[in-house]
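Everything on this sheet refers to the single structure shown next.
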Amino acid sequence: MFLNRHDAATQLAAKLTKYRGQDGIVLAIPRGGVPLGYVIAQTLGFPLEVALSKKIGHPANPEYAIGSVTLDGAVVNENAAGISMRYIEEETARIQAKLRENFRLFMGGHTPTKLKGKTVIVVDDGIATGHTMVSIVQAIRKSQPGKLIVAVPVAPPHAAHQLRPLVDEYVCLSQPEGFMAVGQFYVDFEQVSDEEVIDFLHKNAATTTSRGGM
């Protein structure tokens with residue numbers, strides 16, 4: 001059980017100190033992952049950006065995911081068989097436009113950092129189904145990072161089987177049986193606002209710039 005996101009981030013950052021001094025970046029999944037990403041980025045002296053992904057819903061049931069979209073592309077699941085490519089392409093374009101809008105909201109005029117050759121640490125406050133994290137990791141892999149690390153405080157045991165083959169290191173502090181929701185493992189799991197996300201990103205950018213980073 002973690003007291004709050006700051007407590008979880010502090011414990012997680014302690015497991016990542018070996019990456020300090022490398023040419024790296026922290027990519028946090030908003031909104032809940034950004035407070036953790038801030039603490040980790042500050043600990044390592046890394047810049048901090050957001051990693052965005054959204055599911056493609058089935059045409060007959062939007063809550064049923066048939067794939068996922070990131071800023072860089074889309075991944076279509078096996079259960080999308082029989083669904084028209086036109087629908088998938090139109091949904092991908094629509095979702096990517098929304099993701100670009102969200103990136104501008106959080107990052108302003110900053111363009112996404114080129115990840116080739118960098119140590120990339122992807123952070124969230126926990127993993128539930130794993131779909132979002134998998135889609136983001138698959139998209140990052142296409143950018144040819146030097147190292148790719150996923151770091152989360154808590155996740156169900158099956159997440160390790162999903163993610164370990166895709167990354168160089170999977171860091172998870174707790175993998176409890178009987179996992180139902182990320183929030184059950186935090187005493188304080190208040191929602192994070194857009195304004196808080198933007199504040200964390202701006203604060204980290206200011207300190208990174210002062211160190212001669214971004």
Side-chain angles (χ1 to χ4, degrees), residues 1-13 15-16 26-40 48-58 61-80 91-92 95 98-99 102-103 106 120-141 148-167 169-194 196-197 200:
M1 183 69 74
F2 303 101
L3 295 177
N4 50 35
R5 289 183 179 88
H6 187 272
D7 174 40
T10 302
Q11 294 185 49
L12 203 52
K15 301 289 186 182
L16 299 167
V26 175
L27 299 182
I29 298 175
R31 300 179 185 92
V34 175
L36 286 85
Y38 173 75
V39 172
I40 292 166
L48 173 65
E49 293 181 13
V50 290
L52 301 173
S53 177
K54 186 170 172 49
K55 71 183 177 186
I56 304 172
H58 191 284
N61 179 7
E63 293 304 310
Y64 181 65
I66 59 168
S68 55
V69 179
T70 65
L71 286 168
D72 299 316
V75 175
V76 179
N77 303 340
E78 291 178 0
N79 60 1
E91 279 297 283
T92 297
I95 293 167
K98 179 63 176 173
L99 294 181
N102 288 344
F103 190 88
F106 295 134
V120 179
I121 302 176
V122 188
V123 179
D124 204 355
D125 55 11
I127 292 174
T129 64
H131 297 321
T132 296
M133 186 65 80
V134 167
S135 68
I136 286 171
V137 163
Q138 289 173 328
I140 292 170
R141 267 288 172 220
L148 179 52
I149 302 101
V150 164
V152 292
V154 62
H158 73 78
H161 302 297
Q162 287 178 296
L163 289 159
R164 278 204 179 105
L166 305 177
V167 298
E169 185 177 7
Y170 175 68
V171 181
C172 182
L173 302 178
S174 178
Q175 302 177 71
E177 298 291 344
F179 184 104
M180 293 177 65
V182 172
Q184 77 186 97
F185 301 100
Y186 287 82
V187 176
D188 175 7
F189 197 64
E190 285 190 8
Q191 282 194 334
V192 179
S193 68
D194 288 347
E196 288 174 297
V197 168
F200 279 121

Listed partners of E190 passing side-chain hydrogen bond (donor to acceptor under 3.5 Å, both in side chains), at least two apart: none
Between CD on residue E196 and OH on residue Y38, distance to nearest 0.5 Å: 13.0 Å
Under the side-chain hydrogen bond (donor to acceptor under 3.5 Å, both in side chains) test, residues paired with N102 that sit two or more places apart: none
side-chain hydrogen bond (donor to acceptor under 3.5 Å, both in side chains) partners of N4, counting only residues at least two apart: none
Ring pair (Phe, Tyr, Trp, His ring centres under 6.0 Å) against F106, all qualifying residues, sequence neighbours excluded: none
Minimum side-chain heavy-atom gap I149-V167 below 4.5 Å: no
Residues which pass salt bridge (charged side-chain N to carboxylate O under 4.0 Å, His left out) with E63, listed by chain and number, not counting sequence neighbours: K55
Between CG on residue D72 and OG on residue S135, distance to nearest 0.5 Å: 11.0 Å
Nearest-0.5 Å distance that lies between atom CG in L163 and atom SG in C172: 9.5 Å
Closest non-hydrogen atom pair, N77 against G67: ND2-N, 3.4 Å
Atom pair CD1/CD1 of I136 and I29 - distance to nearest 0.5 Å: 3.5 Å
Check: residues 122-131 side-chain donor-acceptor pairs under 3.5 Å, at least two apart:
residue, atom, partner, partner atom, Å
D124, OD1, G33, N, 3.4
D125, OD2, R5, NE, 3.0
D125, OD2, R5, NH2, 3.3
T129, OG1, H131, N, 3.3

Closest approach of Q175 to P157 (non-hydrogen atoms, all atoms of both residues): O-CG, 3.7 Å
Distance (rounded to the nearest 0.5 Å) between I140 CD1 and L166 CG: 11.0 Å
For T10, side chain to side chain contact (heavy atoms under 4.5 Å, CB included) partners two or more places apart: H6, V39
With sequence neighbours excluded, residues passing salt bridge (charged side-chain N to carboxylate O under 4.0 Å, His left out) with K15: none
Nearest heavy-atom neighbours spanning G32 and V192: CA-CG2, 4.1 Å
Pairs where residues 154-164 contributes a residue and the test side-chain hydrogen bond (donor to acceptor under 3.5 Å, both in side chains) is met, not counting sequence neighbours: H158-Q162
Euclidean distance, L16 CG relative to I40 CD1, rounded to 0.5 Å: 5.5 Å
Partners meeting side chain to side chain contact (heavy atoms under 4.5 Å, CB included) with V75 (sequence neighbours left out): S68, Q138
By side chain to side chain contact (heavy atoms under 4.5 Å, CB included) - contacts of F185 (at least two apart): V154, P176, F179
Counterpart residues, side-chain hydrogen bond (donor to acceptor under 3.5 Å, both in side chains), relative to D194 (two or more places apart): R31
